[in-house]
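All remarks here apply to the structure that follows.
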Amino acid sequence: MTRLPAQQHAGPIVWSGIIAATCVLLFLLQQMLFLAIPFLLAIVLYYILQPPMQRLIRLGISHNAATLIVGSLFLLVLMLATMVAIYWEAGPSESWQTMLGKYLSGGLDFIRHTMASLERQFPILKQMKLARTVNARMSSFTSTFIQQHLTEILVSVAGWLPSLLLAPFLAFFFLRDGSRFKKFLARAVPNAFFERALYLLHEVDQTAHRYFQGLIKLTVLDTIVLALGLWAIGVSSPLVLGLIAAMLAWVPYVGSIVGCMLVVMVASTDAPADPAMAYMAIGVFIAVRLLDDFVFMPLTLGRSLHIHPLITVLMIFIGGSVAGVAGLMLVLPLLGVVMVVGETLGRLITDPRLRARHRNAIHLRTRQASADLVS
């Protein structure tokens, strides 16, 4: 198969089309979010389950049998995890509402203590009545959030649960029929562009494969390192907190802030009389974020999407403005796939030799079809 030049870059017209196509797709996904999120989760599951399925196929098991075995084992593990979670939640005597209120109160107490400490160290802040102003604003926000927004959020999450059940179903058919779908797309390509079209399909699959497997590895690394740090300073449930914070980090910027707030609330609730634990938890979280940005991410996601940092930041803001939180999550993998498709199509369209081959093939087919019509 003829490979495209690795260092051939797309021009400004192609990149304008790539950015425009990404924005349009984000808008469409935002309108069909009830399908976009299960589809995204199904793709993640597909790239998690694909390596063990390929190992079974290399051992001589048929494709359909390997898919059934891997899918059944995944459902079994999922059921066991659900049962463990149910029995785990049945243990504590406190309801989730009480626990949420307790952690929220712990976080507010930490903020009040921090403001009071700042006023003692900087008298000008006391003259500005910083602690009183922040306390009033936080109390107003907390009461408004609990009364108006918390119920809406919980109802929305409950409404999402049925659609999330589509993810394992979609992942199963991705595993079973993914190769057939690729062949179906390849058959629709004219013969002159066949080799480059195969390259396009391969590159799209490899881009998504590298991104989502890199995201999984990054999540595992963040969970382990953050859990070890929180365990070392004595924060309760470090593994659960580490996993939640690592998954929240899938949403750029916003997810990290929410994860840090969650860690601080739990740490300040565990030791209400010792704010040093909350400060140490903040230090641990910042250290893990720095490791994530400078060590873990270049080793995982950094090798999957080769996009300029300026375009990355620009598209993150565009994704957030077009499709909200879902746009923040989907913009980078979507941009990576659209980038591969756009650059490859740009090379196909601008290649004079391929266009000449395509025109010649059409001419030959026309002559062959009309050969017996000539008297």
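Predicted model, so just to flag it, every value in this text is computed and none were measured.
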Among the clusters formed by ILVMFWY side chains lying less than 4.5 Å apart, do [X] and [Y] turn up in the same one?
X: M280; Y: W231; value: no
X: I257; Y: M247; value: no
X: V70; Y: F169; value: no
X: M265; Y: I233; value: yes
X: V284; Y: L262; value: yes

Minimal non-hydrogen separation, [X] against [Y], with atom names:
X: I57; Y: A66; value: CG1-CB, 3.9 Å
X: V235; Y: A267; value: CG2-CB, 4.1 Å
X: F174; Y: A42; value: CE1-CB, 3.8 Å
X: A281; Y: V263; value: CB-CG1, 3.8 Å
X: L166; Y: P38; value: CB-CB, 4.1 Å

**Request:** Verify the ring-centre separation between F39 and Y46: is it less than 6.0 angstrom?
**Result:** no

**Prompt:** Is the NZ or CZ atom of R289 positioned over F285's six-membered ring, under 6.0 angstrom from the centre and within 45° of the axis?
**Reply:** yes

**Message:** For the backbone of L175 and the side chain of H63, can you confirm whether one donor and one acceptor N or O come within less than 3.5 Å of each other?
**Reply:** yes

**Asked** Is D270 reaching over with its side chain to a backbone N or O of S236, donor-acceptor style, under 3.5 angstrom?
**Response** yes

**Request:** Kindly determine whether V225 and L291 satisfy side-chain contact (heavy atoms from CB on, under 4.5 Å), including the steps that lead there.
**Result:** CA-CA 9 Å; V225 176; L291 281 174; 4.2 Å; yes

**Fill in**
Which of I19, L25, L26 passes side chain to side chain contact (heavy atoms under 4.5 Å, CB included) with T22? It is L26

